[in-house]
Number of protein chains: 2
Amino acid sequence: MNIADQTFPAVDSANEDRAQAIRDQLRDAIVDRRLAPGTKLSEGEVGTLFDVSRTVARAALQMLSFEGLVRTERNRGAFVANPSPEEARQVFASRRLIEPGIAIAAAGRMTPDHVAAFKAQLDEEGRFIAERGPNARRSEIKASGDFHLLLASVAGNAILQRFMEELVARSSLVIALYGRSGVSSCGHSEHMNILEALENGNSERASALMLHHIDHIEADLDLRVRSGPALRQALEF
Amino acid sequence: MNIADQTFPAVDSANEDRAQAIRDQLRDAIVDRRLAPGTKLSEGEVGTLFDVSRTVARAALQMLSFEGLVRTERNRGAFVANPSPEEARQVFASRRLIEPGIAIAAAGRMTPDHVAAFKAQLDEEGRFIAERGPNARRSEIKASGDFHLLLASVAGNAILQRFMEELVARSSLVIALYGRSGVSSCGHSEHMNILEALENGNSERASALMLHHIDHIEADLDLRVRSGPALRQALEF
DNA sequence: TCGGAAAAGATTGCATACGATTTTTGCTAG
DNA sequence: CTAGCAAAAATCGTATGCAATCTTTTCCGA
């Protein structure tokens with residue numbers, strides 16, 4: 001897949017930082033799997049696509065590199081990250097550590113508005129599952145991640161929220177690379193159970209359900225190294 | 001305090017990214033409190049000090065801004081971060097969530113080499129506590145943070161390790177702003193207790209001790225807003 | 001035909017230049 | 001002497017240019 005095959009909506013929020021807007025667009029594209037792992041993101045190309053100079057494009061790529069979504073090699077350029085199985089395990093180990101705690105924090109802060117937001121989120125999730133086709137599948141993965149991000153925002157800790165954004169984005173990459181298939185519908189019902197526990201203020205149950213949920217997501221991955229890892233890395237795929 | 005009052009050793013690791021080297025130097029200076037919260041870090045000044053162009057200096061400042069050590073305002077510049085009490089609470093809430101888990105992971109991976117490294121680390125910590133003067137106090141805070149970073153490295157999760165680096169650095173800022181005084185010697189003995197539990201492979205105890213340790217550090221802070229928060233912010237101090 | 005070296009091309013790293021925005025300075029009127 | 005405004009200085013945001021490095025192509029000899 002080539003980045004030039006993609007189209008990006010114009011960057012509208014003019015007053016804000018342009019680099020940040022470009023980063024957001026690219027991140028969405030990566031998380032949505034419109035940009036496959038390993039895709040080269042050259043500064044010039046990104047700059048041309050978004051109609052900015054290489055300076056700005058470079059800044060956007062640097063941000064993505066900090067988030068672990070892009071890997072940069074000196075004098076070679078930036079590529080959509082290609083997480084190794086080990087990295088994948090670490091992503092999920094981090095989530096197992098953090099998300100149950102986030103669920104507990106969120107359980108203590110749920111308002112009716114929050115509940116409504118979750119319900120809307122889960123509705124959308126359900127719609128995408130009902131649909132078929134690769135496009136719906138992408139949206140489904142995205143929506144599934146958004147549930148976790150919504151939870152993090154309710155928890156009210158900006159630092160953890162930012163970290164979760166990174167972990168969810170990287171999880172999406174990992175699932176793209178190592179996912180088998182039929183996890184998502186199962187994940188949907190788990191999300192609903194978690195919301196139920198949150199509504200009831202049952203933080204312990206929400207936390208436990210979250211832990212199992214993460215385990216289930218990871219269990220759906222096939223983290224065995226496929227060919228020789230050296231070969232795989234040499235071929236950059 | 002003015003950044004120009006500081007001196008920075010020359011950037012030696014030539015082949016590596018210069019921006020990264022500058023970031024490391026600046027981070028050390030911030031964590032060591034040689035650069036006080038609120039200090040302006042202008043691109044030009046940083047560039048001149050390290051003998052690079054503004055382009056490189058800007059990249060270094062952008063990195064620090066991602067780590068939360070520097071706050072940048074559009075068209076105004078970069079300043080050493082001035083975390084609010086709320087931010088401070090979030091930093092420690094994050095640490096309470098993560099570090100006990102890191103202690104458990106580390107307990108299962110301790111080798112004799114690790115134990116030796118910890119002993120050396122604690123020795124150094126003890127030396128700085130024995131010394132007096134503001135310089136020793138700085139080193140003491142730094143060494144105390146290094147204990148937590150060493151633990152994170154033993155835990156073997158690169159993602160969590162990077163996150164801990166951020167949290168420890170931000171904690172140092174918070175302590176600079178809101179710390180009372182006599183925590184560190186107490187912290188030293190707690191570190192030794194944690195190491196003992198780690199050596200014995202008693203992960204539960206290490207985890208519990210870590211949690212209490214973080215509570216103690218936070219309890220030593222005075223997070224009441226001093227004057228009107230708006231005024232304080234307006235004065236940028 | 002194949003292997004390898006050299007040249008051409010592409011891309012990054014970095015410095016510098018210029019317009020835009022903010023901050024400071026200095027002057028004038030009250 | 002102070003308030004307010006205008007000009008000057010400083011600083012940032014961004015584009016662009018050049019050298020260094022990497023990649024690809026070309027060409028030549030075996």
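Each chain gets a letter, A, B and so on, in the order its sequence line appears, and its residues count up from 1. Being a predicted model, the structure only gives us computed values, none of them experimental.
- Using a 4.0 Å cut-off, some side-chain N or O of B:R18 falls inside it from OP1 or OP2 of C:dC14.
- Of the two residues contacting DNA chain D, namely B:G77 and A:N75, the nearest-nucleotide position lying further toward the 5' end is that of B:G77.
- OP1 and OP2 of C:dG13 both lie 4.0 Å or more from every side-chain N or O belonging to A:R74.
- What separates CD of A:E45 from C1' of D:dT23 is a distance of 15 Å, to the nearest Å.
- Atom CZ of B:F79 and atom P of C:dT22 are 13 Å apart (whole Å).
- Rounded to whole Å, the distance from CZ on B:F50 to P on C:dC14 is 15 Å.
- Considering only side-chain N and O atoms, A:R76 lies under 4.0 angstrom from the phosphate OP1 or OP2 of D:dT23.
- Between the side chain of A:S139 and the main chain of A:N135, a donor-acceptor pair closer than 3.5 Å is present.
- Although no hydrogens or angles enter the test, the distance criterion places no donor-acceptor pair under 3.5 Å between the side chain of B:Q90 and the main chain of A:N157.
- Relative to the side chain of A:E43, the nucleotides D:dC12, C:dG13, C:dT11 differ in distance, and C:dG13 lies closest.
- Residues forming a ring pair (Phe, Tyr, Trp, His ring centres under 6.0 Å) with B:F118 (at least two apart in sequence, or on another chain): B:F147.
- Heavy atoms of other residues, nucleotides or ligands lying less than 6.0 angstrom from CG of A:D28 number more than 12.
- Interface residues of residues 51-61 of chain A facing DNA chain D, ordered by number: A:V52, A:S53, A:R54, A:T55, A:V56; criterion, heavy-atom separation under 4.0 Å.
- Under the 3.5 Å distance criterion, the side-chain polar atoms of B:D222 are left unmatched by any main-chain donor or acceptor of B:Y178.
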CA sep, side-chain torsions, deciding dist, call: B:R95, B:S171, side-chain hydrogen bond (donor to acceptor under 3.5 Å, both in side chains): CA-CA 9 Å; B:R95 292 186 64 167; B:S171 297; 2.8 Å; yes
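- We find that CD1 of A:I22 is positioned 13 Å from C1' of D:dG13, with the value rounded to whole Å.
- We find that CD of B:E73 is positioned 16 Å from C1' of D:dA10, with the value rounded to whole Å.
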